[in-house]
Amino acid sequence: MDKLLLCVSVLASLLGAFAQTADLSGKVFVFPRESSTDYVTLTPKLETPLQNFTLCFRAYSDLLRAYSLFSYNAQDKDNELLIFKNEVGSYSLYIGRTKVTFKVIEMVPSPVHICTSWESSTGIAEFWVNGKPLVKKGLKQGYVVEGYPKIVLGQEQDSYGGGFQKVQSFVGEIGDLYMWDSVLSPEQILSLQQGSYFYANVLDWHELTYELKGYVIVKPLVWSRA
């Protein structure tokens, strides 16, 4: 009987380590410590490369050093799509290993709602923080973001699904993450920031396929939305 219980316990642990799909509304991923081993992988509903996208999410951290917020690597292409916080008030968006940097006045620690979009035809990238549009930038006009990505929260990939550095890890909470294969309107972005929901066809927090790696916990969202 003891052996049977042990086998059941081991099986349950293994199943918990595999990818699952769940409605995470009202919840967050908590990254409780600095590490090179704790992260979340996301599986997008994405069959073709991206010519346009909008990505939105909420984050809460008291880190003052640089860290990765969203890392999307293609096979043999790191920093294919990356959102990286350099320091308080400075965010970088990478497309195809090329980056632009956005500046904003902000207080830390405080919750933040981030939306960024990019369109291939013009190369124009937009970045919104707490419903405020920052100065538009341009990069990689005509480029196409590769499909079949590895998407990681909590770490910055230097290889396809790996190459993590402890000093770039995220410590804090991430929630309400959505991604579309189109550029949302300013009205839609403001509506999202205020708590509205509409279906996202690449990544949707209400129907998210994810896998927890290491010490990452799903907990209720208890802080006020930015």
Side-chain angles (χ1 to χ4, degrees), residues 13-14 16-21 29-57 59 61 63-87 90-102 114 116-118 120 123 125 127 137 139-140 142-175 177-179 181 202-203 205 208-218:
S13 297
L14 289 173
F18 296 145
Q20 57 184 308
T21 300
F29 291 133
V30 179
F31 302 83
R33 65 180 182 182
E34 184 176 84
S35 80
S36 60
T37 57
D38 308 334
Y39 59 100
V40 178
T41 62
L42 305 181
T43 302
K45 294 170 278 190
L46 184 64
E47 298 179 354
T48 59
L50 289 169
Q51 297 187 43
N52 311 280
F53 71 82
T54 302
L55 170 68
C56 297
F57 59 91
S61 176
L63 287 178
L64 299 179
R65 61 162 172 79
Y67 55 87
S68 174
L69 282 162
F70 182 91
S71 179
Y72 174 124
N73 273 18
Q75 189 72 49
D76 300 322
K77 289 187 176 182
D78 66 325
N79 296 346
E80 185 70 351
L81 168 52
L82 172 68
I83 299 179
F84 196 84
K85 187 165 187 178
N86 310 298
E87 58 185 357
S90 176
Y91 296 86
S92 287
L93 169 66
Y94 289 75
I95 301 290
R97 300 183 181 178
T98 300
K99 76 170 181 176
V100 289
T101 299
F102 300 87
I114 292 171
T116 185
S117 66
W118 172 82
S120 175
F127 208 94
K137 304 292 176 68
L139 76 166
K140 303 296 283 189
Y143 188 74
V144 175
V145 175
E146 289 287 348
Y148 302 103
K150 294 285 187 181
I151 299 178
V152 170
L153 302 179
Q155 304 286 346
E156 194 270 312
Q157 304 174 75
D158 289 328
S159 61
Y160 190 58
F164 305 139
Q165 298 181 44
K166 183 178 180 179
V167 295
Q168 296 179 327
S169 65
F170 175 78
V171 181
E173 304 174 28
I174 292 178
L177 189 147
Y178 303 93
M179 187 173 186
D181 62 1
V202 177
L203 294 166
W205 198 247
L208 193 71
T209 301
Y210 67 94
E211 186 174 352
L212 304 179
K213 300 285 191 176
Y215 186 30
V216 184
I217 307 296
V218 177

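Although no hydrogens or angles enter the test, the distance criterion places a donor-acceptor pair under 3.5 Å between the side chain of Ser71 and the main chain of Gln157. Side chain of Ser68 to main chain of Gln155: a donor-acceptor pair is present (N/O by atom type, distance under 3.5 Å, no hydrogens or angles). A donor-acceptor pair is defined here as one N or O able to donate and one able to accept, closer than 3.5 Å; such a pair exists between the side chain of Asp38 and the backbone of Tyr215.
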- Using the side-chain contact (heavy atoms from CB on, under 4.5 Å) rule, take Asp181 and Thr48 through it: C-alpha gap first, then chi angles, then the decisive distance, then the call. CA-CA 10 Å; Asp181 62 1; Thr48 59; 5.9 Å; no

- Item | Phe127 vs Lys137, side-chain contact (heavy atoms from CB on, under 4.5 Å): CA-CA, chis, key distance, verdict | CA-CA 9 Å; Phe127 208 94; Lys137 304 292 176 68; over 6 Å; no

- Message: With side-chain contact (heavy atoms from CB on, under 4.5 Å) as the criterion, how do Tyr178 and Leu55 come out once you've worked through the C-alpha distance, each side chain's angles and the decisive distance to 0.1 Å?
- Response: CA-CA 6 Å; Tyr178 303 93; Leu55 170 68; over 6 Å; no

- Task: Start with the C-alpha gap between Glu80 and Tyr143, add the side-chain angles, then the distance that decides, and say whether side-chain hydrogen bond (donor to acceptor under 3.5 Å, both in side chains) holds.
- Result: CA-CA 11 Å; Glu80 185 70 351; Tyr143 188 74; 2.8 Å; yes

- Given the rule in the side-chain contact (heavy atoms from CB on, under 4.5 Å) test, do Thr116 and Thr54 qualify, once you have shown the distances and angles that lead to the verdict? CA-CA 6 Å; Thr116 185; Thr54 302; over 6 Å; no

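Atom OG1 of Thr101 sits about 13.5 Å away from atom NZ of Lys85, to the nearest 0.5 Å. Rounding to the nearest 0.5 Å places CZ of Phe29 at 5.5 Å from CG of Leu208.
For the pair Ser61/Phe170, a side-chain contact is recorded, criterion being any heavy-atom separation below 4.5 Å from C-beta on.
Between the side chains of Tyr72 and Glu146, no donor-acceptor pair is found at a separation under 3.5 Å.
Heavy atoms from other residues, nucleotides or ligands lying under 6.0 Å from NZ of Lys166 number 12 at most. Atom NZ of Lys150 has 12 or fewer neighbouring heavy atoms from other residues, nucleotides or ligands inside a 6.0 Å radius.
Ring pair Tyr91/Phe102: centre-to-centre distance not below 6.0 Å. Separation of the Tyr210 and Trp205 ring centroids does not fall under the 6.0 Å cut-off.
Trp118 approaches Leu139 most closely through the heavy-atom pair NE1-O, 3.0 Å. Smallest separation of non-hydrogen atoms from Asn73 and Ser159: ND2-O, 3.0 Å.
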